[in-house]
Undergrad: 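My questions all concern the structure below.
Numbers here are sequence positions counted from 1. Below, all heavy atoms of this structure are taken into account, side chains as well, without hydrogens, waters or symmetry copies.
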Amino acid sequence: MAASQGGIISSITDWLVSLMSQMGGIGVAVAVFLENLFPPIPSEVILPLAGVTASQGKMGLVEAIVWATAGSLIGALVLYAIAAAIGSQRIRRLFDIMPLVQASDIDTADTWFARYGGLSVLIGRVIPVVRSLISIPAGLARMGLARFIGLTVLGSAVWNTALVMAGYALGQRWQVIVSFLDRFQVVVIVLLAALIVWYLVVSVRRALLARDTQS
């Protein structure tokens with residue numbers, strides 16, 4: 001697979017392609033696992049690239065789907081376990097201090113879980129933002145682990161199969177994905193810069209308030 005030229009999105013895409021080409025299915029699982037915890041590149045990009053890699057004979061199509069689903073499940077279980085272990089308030093404080101995420105993201109997932117209960121774990125796997133974070137309210141509610149795993153695997157398998165097969169169908173035309181994404185790299189850069197600035201401003205403000213409270 002030839003390297004794409006220029007651009008942050010292209011560079012990350014090339015790294016993902018290299019990871020999956022060299023490690024095969026395990027590379028797919030690692031990429032999807034990381035996307036679940038730290039989503040700088042969404043699964044809408046990772047999964048089609050896994051399909052592209054499969055189309056080049058680096059792994060089987062079914063293998064790519066199975067490993068992607070394994071990565072989704074492991075990432076979901078990690079978030080479930082963290083939420084169950086530390087509780088709502090601590091995990092909200094954690095999201096408040098982490099860059100690129102915020103406590104309101106948890107509210108979105110909470111709303112879904114409150115409205116649809118266990119079904120939200122299934123449906124949420126195909127909804128942006130909710131897809132990863134729905135594991136948190138499930139963990140906080142101590143949802144039955146067997147049921148959580150079953151719904152997560154089912155929902156993730158449907159989503160992963162659709163996108164991996166889309167990438168597989170593209171085959172050598174995989175550069176279409178990168179060309180499309182590169183058009184938006186300036187927007188991505190601006191958003192990341194704004195989030196970093198926001199994070200720094202909030203951090204400084206909290207430090208000043210803490211100092212004023214202590215004085």
Undergrad: Could you pull out the closest heavy-atom pair between Val32 and Ala68, with the gap in Å?
TA: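 Answer, listing the atom of Val32 first, then Ala68: CG1-O, 3.5 Å.
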Undergrad: Can you confirm whether Val30 sits close enough to Trp67 that some side-chain heavy atom of one is under 4.5 Å from a side-chain heavy atom of the other?
TA: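 Result no, sub-4.5 Å side-chain heavy-atom pair not found.
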Undergrad: Where is the tightest heavy-atom contact between Gly167 and Val52, given as atom of each residue plus distance?
TA: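 Looking at all heavy atoms of both residues, the shortest contact is O-CG2, 3.3 Å.
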Undergrad: Show the numbers, then the answer: is there a side chain to side chain contact (heavy atoms under 4.5 Å, CB included) between Leu145 and Tyr80?
TA: CA-CA 9 Å; Leu145 190 57; Tyr80 177 100; 3.9 Å; yes
Undergrad: Restricting to non-hydrogen atoms, name the atom on Leu73 and the atom on Val153 that form the minimum distance, rounded to 0.1 Å.
TA: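 Minimum heavy-atom separation between Leu73 and Val153: CD2-CG2, 3.8 Å.
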Undergrad: Output the distance between atom OG1 (Thr53) and atom CD (Glu63), rounded to the nearest 0.5 Å.
TA: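 The OG1 atom of Thr53 sits 11.0 Å away from the CD atom of Glu63.
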Undergrad: Which heavy atom of Ala50 sits nearest to which heavy atom of Val164, and what is that distance?
TA: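 That closest heavy-atom pairing would be CB-CG2, 4.4 Å.
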Undergrad: Taking everything shown except Met23 itself, do over 12 heavy atoms lie less than 6.0 Å from its CE?
TA: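 Result for CE/Met23: enclosed.
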Undergrad: Side chains of Phe148 and Leu77, heavy atoms from C-beta outward: is any pair under 4.5 Å?
TA: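 Result yes, sub-4.5 Å side-chain heavy-atom pair found.
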Undergrad: Which heavy atom in Ala157 sits nearest to a heavy atom in Thr161, and how many Å separate them?
TA: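 Here Ala157 and Thr161 meet closest at O-OG1, 2.6 Å.
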Undergrad: When hydrophobic residues are tied together by side-chain contacts of less than 4.5 Å, even through go-betweens, does Leu119 share a cluster with Leu140?
TA: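 Yes.
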Undergrad: Can you tell me how far apart CG (Leu34) and CD1 (Ile46) are? Round to the nearest 0.5 Å.
TA: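 That separation rounds to 7.5 Å.
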Undergrad: Drop me the distance from Ile136's CD1 to Ile86's CD1, to the nearest 0.5 angstrom.
TA: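 Between Ile136 CD1 and Ile86 CD1, I get 8.5 Å after rounding to 0.5 Å.
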Undergrad: In a check of side chain to side chain contact (heavy atoms under 4.5 Å, CB included) between Met59 and each of Ile26, Val28, Val66, which one passes?
TA: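 The single option meeting the side chain to side chain contact (heavy atoms under 4.5 Å, CB included) with Met59 is Val28.
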Undergrad: Quick one: CG on Leu163 to CG on Leu49, what's the gap to the nearest 0.5 Å?
TA: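 Going from the CG atom of Leu163 to the CG atom of Leu49 covers 10.5 Å.
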Undergrad: What's the separation between atom CG in Asn36 and atom OG in Ser135, rounded to the nearest 0.5 Å?
TA: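 Going from CG on Asn36 over to OG on Ser135, the span is 7.0 Å.
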Undergrad: Could you go step by step and tell me if Leu154 and Arg125 meet the side chain to side chain contact (heavy atoms under 4.5 Å, CB included) rule?
TA: CA-CA 9 Å; Leu154 180 58; Arg125 296 300 164 189; over 6 Å; no
Undergrad: Any side-chain heavy-atom pair from Asn160 and Ser72 closer than 4.5 angstrom?
TA: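 A side-chain contact exists here, since the closest heavy-atom pair is under 4.5 Å.
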